[in-house]
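In what follows, a structure is listed as structure tokens, so that the remarks can point back to it.
Here, residue 1 is the first one in the sequence, and each next residue gets the next number. Predicted model, so just to flag it, every value in this text is computed and none were measured.
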Amino acid sequence: MRNLQKALEAKRHYDASDEELMEFYEQMLLIRRFEERAGQLYGLGLIGGFCHLYIGQEAVAVGLQSALDGDKDSVITGYRDHGHMLAYGIDPKVIMAELTGRQAGISKGKGGSMHMFSTEHKFYGGHGIVGAQVALGGGLALAHQYNEDGGLCLAYFGDGAANQGQVYETFNMAALWNLPIVFVVENNGYAMGTAVKRSSAETEFYRRGTAFRIPGMDVNGMDVLEVRAAAEIAMDYVRQGGGPVLMELNTYRYRGHSMSDPAKYRSREEVQDVREKSDPIEGAKKVLLERGVSEDKLKEIDKAIKARVAEAADFAESSPEPAPSELYTDVLVGEY
């Protein structure tokens, strides 16, 4: 049950080329700048409803999704989903347009922040019901197995959702049927606002698959190279027919649970300490500088990404809202 963890401990970091590391850095920085701008648009009233930002957790989505086979594998997650879509390389314009409820959005403006979807990229949401995506991920994995397409499902959920009963029902079935699925707990320490130690009897989430004989992995989710290394170990195991894997990615969100959360359950000093010591983007930047990339080049990249995000925001603001008739499209009606 500890073989995968031992493999990670033997080699904690992925040997990224300079080009790969730069790509990881740019993807994480794009997510950061995009989410910062989304927060501004929410404050201006251009984004309605709920809005859950991914700031601080960028290394998880980038590190894991960079190891996927884009032609075969599927992904499903909860409602903190903008970062995962950007990690796929999806155009920020259509994501921002979706956030602002515009026709040009990736879900035609009808999904909003919490319900993004892209069958083209095998990204199946974006789900607003806590933990519901895990059972659906089990279904995606069953489809991969049934169709014999060689794909696996990457199913994300948070430390709060980890206490939902349907998660364990899915663990049981996935292990029983030897499904090709990687369960990913994005443990940001506070769920919707309650510290892990106050809500969970077992705070080491990677151990929670043990009762179902699912091997677990404990990963530093603030280090993109460690995440990528762990992803390769887990996915190789699944692809070779080993069955499901449970990964705990220990990460940290800098903002509250959603834009309406003042996050008074933790101190500003705690957040600042994580920013200064463990920020995933600054960590990648440090390695790039050590490899000889100039500070000026990194500043140019940041400037270009800010311009790209500003362009996405302008596109969203100038795009029309869906026509009223769109209320009647994409709705399944039938008799069985």
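- The distance from the CD1 atom of I106 to the CE atom of M85 is 3.5 Å, given to the nearest 0.5 Å.
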Does the pair N163 and S200 meet the rule for a side chain to side chain donor-acceptor pair (under 3.5 Å), with working shown?
-> CA-CA 8 Å; N163 291 323; S200 300; 3.2 Å; yes

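- Interatomic distance, T119 OG1 to F117 CZ, rounded to the nearest 0.5 Å: 6.5 Å.
- Using a 4.5 Å cut-off on side-chain heavy atoms (C-beta onward), Y206 and V219 make no contact.
- Closest heavy-atom contact between C153 and A141: CB-N, 4.0 Å.
- L176 and L152 fall into different hydrophobic clusters, where Ile, Leu, Val, Met, Phe, Trp and Tyr side chains are chained together by heavy-atom contacts under 4.5 Å.
- Annotation: Y190 is not in aromatic contact with H257 [ring centroid separation under 6.0 Å not met].
- For the residue pair Q272 and E276, a side-chain donor N or O sits within less than 3.5 Å of a side-chain acceptor on the partner.
- For the pair Y25/V62, no side-chain contact is recorded, criterion being any heavy-atom separation below 4.5 Å from C-beta on.
- Rounded to the nearest 0.5 Å, atoms CD (Q164) and CZ (F157) are 10.5 Å apart.
- The aromatic rings of Y14 and F24 sit tilted, their planes meeting at an angle between 30° and 60°.
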Should V75 and Y156 be marked as a side-chain contact (heavy atoms from CB on, under 4.5 Å) after you check the CA-CA gap, both sets of side-chain angles, and the distance that decides it?
-> CA-CA 8 Å; V75 173; Y156 294 90; 3.7 Å; yes

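- Going from atom CG of D279 over to atom CZ of R32 covers 4.5 Å, rounded to the nearest 0.5 Å.
- The neighbour count for M259 CE, taken as heavy atoms of other residues, nucleotides or ligands under 6.0 Å away, is above 12.
- How far CD of E311 is from NZ of K93: 4.0 Å, rounded to the nearest 0.5 Å.
- Counting heavy atoms from C-beta outward, D149 and Q145 have side chains that stay 4.5 Å or more apart.
- Shown here for I181 and G138, the closest heavy-atom pair between the two residues is CD1-N, 3.8 Å.
- Between N220 and N250, the closest side-chain pair of non-hydrogen atoms is not below 4.5 Å.
- Checking each of H144, H121, K122 against S74 for a side-chain hydrogen bond (donor to acceptor under 3.5 Å, both in side chains) leaves exactly one that passes, namely H144.
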When you look at K11 and E226, which way does the salt bridge (charged side-chain N to carboxylate O under 4.0 Å, His left out) test go after all the steps?
-> CA-CA 9 Å; K11 187 179 181 182; E226 180 168 332; over 6 Å; no

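- Under a 3.5 Å cut-off, the side chain of N187 and the backbone N or O of E248 do not form any donor-acceptor pair.
- No cation-pi contact links R253 to Y54, judged by a cut-off of 6.0 Å to the six-membered ring centre and 45° from its axis.
- The side-chain heavy atoms of L99 and F34, taken from C-beta on, include a pair separated by under 4.5 Å.
- Ring to ring, H115 and H127 are not that close: their centroids are 6.0 angstrom or more apart.
- When every heavy atom of D73 is checked against every heavy atom of G150, the shortest pair comes out as OD1-O, 4.5 Å.
- Within the 4.5 Å cutoff, side-chain heavy atoms of F212 are placed close to those of Y168.
- Between F50 and Y79, a ring centre-to-centre spacing not shorter than 6.0 Å is recorded.
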Please test E9 against K6 for salt bridge (charged side-chain N to carboxylate O under 4.0 Å, His left out), starting from the C-alpha separation and ending with a verdict.
-> CA-CA 5 Å; E9 289 169 0; K6 288 178 180 177; over 6 Å; no

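- Enclosure of atom CZ in R213 is not indicated, since only 12 or fewer non-hydrogen atoms of other residues, nucleotides or ligands lie within 6.0 angstrom.
- With values rounded to the nearest 0.5 angstrom, I301 atom CD1 is found 12.0 Å from L30 atom CG.
- Across every non-hydrogen atom of L225 and A16, the tightest pair is CD2-CB, 3.7 Å.
- Transitive grouping of hydrophobic side chains (ILVMFWY, heavy atoms separated by less than 4.5 Å) brings L53 and M116 into a common cluster.
- Residues A97 and F315 share a closest heavy-atom pair of CB-CE2, 4.1 Å.
- Looking only at side-chain heavy atoms (C-beta outward), M222 and V274 come within less than 4.5 Å of each other.
- Here the closest heavy-atom approach between residue L8 and residue M217 is recorded as CB-CE, 4.0 Å.
- For the pair E326 (side chain) and A323 (backbone), a donor-acceptor distance under 3.5 Å is absent.
- In the model, E35 has a side-chain atom that pairs as donor or acceptor with a side-chain atom of H82 under 3.5 Å.
- More than 12 heavy atoms of other shown residues, nucleotides or ligands fall within 6.0 angstrom of atom CG in L289.
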Would you please test T329 and K108 for side chain to side chain donor-acceptor pair (under 3.5 Å) and show each step?
-> CA-CA 10 Å; T329 64; K108 301 181 183 179; 5.3 Å; no

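- Here the side chains of E317 and L41 are in contact, with some heavy-atom distance below 4.5 Å.
- Formation of a donor-acceptor pair under 3.5 Å by the K303 side chain with backbone atoms of L298 is not found in this model.
- Within a 6.0 Å radius of CD in E120, other residues, nucleotides and ligands contribute 12 heavy atoms or fewer.
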